[in-house]
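One structure below.
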Amino acid sequence: MSKVIPIKQVQAYAEQTVDYRQVLSQSEIDAIEHECALYESRPAAAIDALQIVQRERRWISDESLYAIADMLCMSATALEGIATFYNLIYRQPVGQHVIHLCNSISCWLNDFQTIADHLRNTLNVEFGQTTSDGNITLLPNVCLGCCNKAPALMLDGELIENLDIASIDKLLQSLGGGKNE
Amino acid sequence: MNNPTDRPLSTHLDVENPQNLSAYQSTGGYQGFSNALKISPQEVQQQVTDSNLKGRGGAGFSTGMKWSFVPMGENAPEHKYLVCNADEMEPGTFKDRWLMEGAPHLLIEGMLIAAYAIGADVAYIFLRGEYRLCATRLHQAIEEAYAAGWLGENIKGTPYTLKLHLHTSAGRYICGEETALINALEGKRATPRAKPPFPQVVGLFGRPTIVNNCETLCNLPSILKHGSHWYTQLTAGTDSGSKIYGISGKVKNAGLWELPMGTPAREIFQLAGGMQDGLTLRGWLPGGASTDFLMPEHLDLPMEYDAIAKAGSRMGTGLIIALDDQHCPVGMILNLLQFFAQESCGWCTPCRDGLPWAVEILTRIESGHGNQDDMDTLQQLCGFMWIGKTFCALAPGAVEPLRSGMKYFADDFQQHIDHKGCPHRQ
Amino acid sequence: MAKIFVDNQQYTVRDGQNLLQACLSLKMDLPYFCWHPAMGAVGACRQCAMTQYQDENDNRGRLIVACMTPVSDGMRVSMQQPAEQEFREQVIGALMTHHPHDCPVCAEGGECHLQDMTVMTGHSVRHYKGKKTTFENQQLGPLIKHEMNRCITCYRCERFYKDYAGGTDLSAQASKNHVYFGRQSDGTLQSEFAGNLVEVCPTGVFTDKPFGDHYSRKWDLQSAPSICQHCAVGCNTSVSERYGSVRRVTNRFNAHLNSYFLCDRGRFGFGFVNSEQRQRDIYLHGKKTDWRDADLITLLKDKNPWLGIGSSQASLEDNFCLQQLVGPENFCPALDPQQEDLLSRHMTILQQWPQASLAQMEQADAIVILGEDVNNSAPRIALSIRQALLNNAREQAEKLRVPAWQDAAVRALAPHNPVPLAYFGYGTSTLSELATIKVLCDPKHAAEQGFMLANLLSGQAPSPKAHKVDPQIQQLAQILKNAKQPLIITGWSAGHPALLAAANNIRNALAQLKPEHDESMLCIVPPETNTLGLGLLAQQGGLSGQQLAQRLTHNTCNLMVLDHTQAPFNEQLTKLGASANHLVRLTQLRAGHKNELTLPLSTFSESSGSQLNYQGLIQSHIPATKPSGQCMPGWQWLVNIGKLTGHALGNMTNLGQLRDNICLHYPQLVAHWLSDPHGQMALQTPRTSGRTAMLANQTVHEPKPFAESLAPYKQSMEGTIAGDKGEQPLAYSWSPGWNSNQSNHKFKDEYLNGPLTAQKGVLCISANPSKQWVNWQMDWSKVNKAKWQLLPMQKVFGSDSLSLHALPIAQLKVQAQIVMSAAQAQSLKLQAGQLVSCDDNPLLFQVVISSQVPKSSLLIYAPADQYFPLTHCDALILATQEQTQAYRAQLANLTGTQEAQKQAQHTRFLTQDQTIPIRFIQGAN
Ligand SMILES: Cc1cc2nc3c(=O)[nH]c(=O)nc-3n(C[C@H](O)[C@H](O)[C@H](O)COP(=O)(O)O)c2cc1C
Ligand code: SF4
Ligand code: FES
């Protein structure tokens, strides 16, 4: 546990920093710059930037975090404080596909439990886990705004409503299943 | 409701195939805003005040009054902001999604009117991240509006200039609270801010800011088009205008309808075809997860702010959640409280630590491990998180279904304790 | 003033404050967490709930949180009714749902605000039955220990670190009941104010690591009021001892100076006191001896003339005695001509202009920093300037009827209401990043701009011949004309006397602008804790360094030296010592000289002494513990020598008498020592559990309480306890029910934010009504033809030599650096992190690249324990591979050595705890 503390040298103790140009792609940089122009301060684009990079890379690695912080002229710690505040920013790797199953009240009243059990059993994962083939991550989500068509889930950002066992099976099939040995 | 002008929100609305700019314009779109441009911002404010429009975000505060706190005139700050609150994350609520997917130009026009009225030069739509389709459609509509000169510099040849941007959030209920929303837009942790100073004076980036709900803003075009008097006449009760009502739960036909303000709840149930076969209604939340339970005997109440408040609940968002007799009220309350505990921002003690505590107790009671002491603690927690004790309205909102549930469904709670388990699971 | 009713009792309180402040000022016990007197209110914890009533007839009232409620005339509130009492108990109950019960092993135990508040609210029964949230801790470096499970999420740490002190690497993370306070990843906290987290955190999340490694309960510590030794601000501290070792330094509230906060150099630098490097015995020519040694006596009685060198690291008493012993004409205050020049100029200006206190600086509405890196030379001043930068936002808030203690509101307004800050200079100071006007220049240019500015402000100010006026200077002149309380800051760290002269002229000019309401402020930062004390003595005349050297080479003279641990001093002393007949050195730390008589000095924690801070304010420290080994205070050695040689100084029998004698020369000091403690002062808390039984394993005799010999006061378990008498400095803070430092409010009439009261204490260098202009003719001829001038830089952890002997500071010491622009680096084909040396000097510097380097200059930083004499250089020589490897190996080795030292020290302390030296019994020495 106790690490040897290095002698304080040039930057050795500062937060880890990277040059964002070395990490982010030009299209990411352009998209983030575009967002920055919409606000009075660069850090205001933090959530947009995190989402832009997450769209490209599925999750926010430490390296991406440092790069975005560098680009937005803020500290990595401050950006971490924002990234970890939101439900939809992934600070851990996720699968090829991410299923967010709504667990709020209208879905709960409409067989959420059955759907949830079916998903967990079929994929053989708990909420918060990824199938071992790295294909599907299963996460819960608060009310998706599909209450009139409950139960519902969000697959890679797309809302899918009126779920039942059959439609789930079809959906999973179309994703190429999700093997979890 | 045959006259389309009686349904100012839904006439333009088509979820399958929303109107593009020219279709919207050819059916009377942007007329309200054109009217607004012909009069002074103060006059626009006056019209909205006269219309008696109340905010549809849940608190029901007069929109005109809210605007009146914004500094106007020569000495007003250089920049002001308008923000559309489209963070809709209240469980059981999906009206803003419907409006944005179905009538994006209606929202843009509403925002133009509001922004003009308060002299804002930049506006944001703060959209919840999960609403991808809304984002796509709004993006398209905003581009169209810019191209047609409804947005940008010198709109339609007037000196008025407005830039409108779409901000998509990343999933956090508290971002719907207007001061937390402002922090979120500034790229800070979205915890609420203390008031005063009110956002109308010191808001986004320290400048005067109005945050209005999406539905509130969608009401503005018709008010400016047909006049405030016309708007006050739409109602079936005392609050003016029309309202998007809706219902979810085990009803035959869950959905949304634009109805005159003050429509009785029973009518909404009827539009939904009543409860599904074999189920009876045990209770209902009138306007989202953060409102107190009402009982079947309350169904004839008009759905408007004061009437619902008198019955001990809140109209909230006006979207009903129905509890049927096959579902356990304790389980339902647990589910609601889990949501609020999960979504607490973590700023103030009662909410941050009180809600998980309530969840812990409810979980125990629900699974048959609770006792009488737990009921007392739960009751105390309701007081602990009540209005005035927390920093913002999230925790008191969370307490509403809990305290009313404990009152109306006391027997159910007792059964869980006495029979050491949930009767609905047997 | 406002009349308010609390539980139907009427009180009169100051308007504008919040209800919590008012109640605490009335000495009521109202619990709170998130509020902090220096940081304002945010209303997060909800602990300070009260009930407010509309009028006499309202008997239900509504719950409010006191810290967010301004007091208003006629307001009726209650604190003792069941509703609010129950709620306050519930708040603790909720906080305790995840607080561990690890008080027995928590370094905060016994002085924990959370413990106090838990007892105060009466929360004694646990209702929560669920699991607790747990967190992983982070490694935050050698100063601060992290234990997140104890967090009660009051947000104070983040608000102090980020908002108040401008740190960037600590923030709240995650949300709901998982909020986490820490860094993005493990690593040493970067802010030089991180140590305050220990006192800001109301529980044991952030604790003092060196203290915690060998902790003691507060009630077992013996503490004394002290003064920080690590820069010229002279922050007030409490030094705490147990079993013969100094355990920690904490903040001692002083409304005008440090208020609630210290810098880390001050908090953790005391470790030199416990260091293995301490000189504990008398050495004659390299051999340990004692005072009765005949050779020693012969040496001291030598009839040849004695010359003396004073020290700005030693007390006024010590320096005074040396000056008396050798005679003022043989006394030399400083060795370096540049330092002499700076000192004499500084003293002249100080005679004309009083220096602003930190509290005054916090009121500034325009600030000019002239070539001084206060961030590194006097960090606490930089912290105060940071607070001043919010003044316009506070004013704006008040205009919007939002009280200025509404911290979040003020911060929201700050970006559009900046306080102008002009920064002339070089280097990467965090203050320069906040500047609205920033001029990158060397000290000479900075001074010249200063002279021009003075001339723009007042036609009477001599105008420099030089260049055209920069529009920025015009703009600044305008800002200063409009400002009510502008502040000018300069100092010694760039090593250029012209800066002081320029600041003087600006100050004069500002006074002329507003002859009636001159509230302008000046602050000149000297380098050491007692630089100005030495300056005061030097006004009697004496030897310059050069004269001293001449005397030594041309005549047979002896040299007596109060030690100064900076490397340049040592270097010069080695040379001078060689030509002295006899050399006597009084020192706290071993230096390895052979041909001298070394007399071991007790440290500030072991003896009384006084020093003059940057304002010329005299402050005295009191020992917390007995001197180690043969150590004695410098003045006492010198008096003893006086006795040997028959000098009048030998007649002094005690410290009080000595001080009376000093007062004969400096009558202004009378008031200071009069107000100093003379009675009994309790250095131990009333709870001293086990103190009396401390030596029971060695002797059955109960020890007498330790008392400094010859001191004018007594130290005891009895006597004045914290806060009993307003005038007495607090040894520690404690009050019934308040074991943590939050008890501070019990000793004050009112909390901060009120109108500034007059600063207590004696300013020794009095202001003289006739104001003089300095007519400085800048010499622009290029004296030195070298390619680059080397501009000196400082570091918080590195430029103070004493603290480098404190282990945790030594671990954080910044190694030598040379800073250049990217263009320079490119043309020299150098990269950041490479090692270079300058001309033929062997010292290796790490290359750092920065945009803050003026033309034809390089910035150079050498730690205080490394000697580097060059001021110019022509060539940078890249280190060879072997050199680089050797350098790396040496650093790696050092890390290992330091870890080993730490372990060894720990073992030594533990042994010492078991068998505390018997000499701690009074009279058993
Ligand atoms: C916890 C919390 C969540 C909220 N969420 C939303 C929301 O998602 N959408 C919304 O319009 N208002 C929401 N509100 C209400 C807003 O704070 C604010 O009152 C509203 O946006 C004002 O708009 P209106 O005046 O047009 O109603 C929320 C309030 C709280 C306390
Ligand atoms: S009640 Fe408190 S913790 Fe909960 S969301 Fe509001 S501010 Fe945050
Ligand atoms: S001290 Fe008042 S709410 Fe925290």
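Quick note: numbers below take in every heavy atom, side chains included, and nothing from hydrogens, waters or symmetry partners. Proteins come first, then strands; the chains are lettered A, B, ... in the order of their sequence lines, and each starts at number 1. On a predicted model such as this, the values are computed, not experimentally measured, just so you know.
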Could you tell me how the ring of B:Phe384 sits relative to the ring of C:Phe87: parallel (under 30°), tilted (30 to 60°) or perpendicular (over 60°)?
tilted
Can a donor-acceptor pair be found, under 3.5 Å and without considering hydrogens, that links the side chain of C:His416 to the backbone of B:Phe205?
yes
What part of B:Ala341 gets closer than 4.5 Å to chain C, counting heavy atoms only: side chain, backbone, both or neither?
backbone
State, without any angle test, whether B:Arg352 and C:Ser175 hold a side-chain donor-acceptor pair at a distance under 3.5 Å.
no
When you look at CZ of C:Arg126, are more than 12 heavy atoms from neighbouring residues, nucleotides or ligands closer to it than 6.0 Å?
yes
Among C:Thr97, C:Thr153, C:Leu400, who wins on heavy-atom pairs under 4.5 Å with chain B?
C:Thr153
Between C:Gln90 (side chain) and B:Leu381 (backbone), is there a donor-acceptor pair under 3.5 Å?
no
Residue C:Lys129 excluded, over 12 heavy atoms near NZ under 6.0 Å:
yes
Of all the heavy-atom pairs spanning B:Arg189 and C:Ala174, show the shortest one and how long it is.
NH2-O, 2.7 Å
Looking only at B:Arg364, B:Glu186, B:Arg172, B:Arg207, the option with the highest number of non-hydrogen pairs under 4.5 Å against chain C is B:Arg207
Against chain B, label C:Val91 side chain, backbone, both or neither, depending on which of its atoms sit under 4.5 Å from a heavy atom there.
both
How about B:Gln342 and C:Lys176: do any of their side-chain heavy atoms sit closer than 4.5 Å?
yes
Non-hydrogen atoms of B:Gly388 and C:Arg46 that approach each other most closely:
O-NH2, 3.7 Å
Exercise: identify the closest heavy-atom pair between C:Val42 and B:Phe391
O-CE1, 3.1 Å
What one should report as the nearest heavy-atom pair of C:Cys45 and B:Thr349 is O-OG1, 2.9 Å
Between C:Pro415, C:Ala412, C:Ala172, C:Ala393, which residue shows the highest count of heavy-atom pairs closer than 4.5 Å to chain B?
C:Ala172
Are more than 12 heavy atoms, taken from residues, nucleotides or ligands other than C:Gln54, located less than 6.0 Å from that residue's CD atom?
no
Of the backbone (N, CA, C, O) and the side chain (C-beta and beyond), which part of C:Ile152 lies under 4.5 Å from a heavy atom of chain B, both, or neither?
backbone
Among C:His98, C:Arg62, C:Glu86, C:His178, which residue has the highest count of heavy-atom pairs closer than 4.5 Å to chain B?
C:His98
Counting only heavy atoms from other residues, nucleotides and ligands, does the tally under 6.0 Å from CE of B:Met65 exceed 12?
no
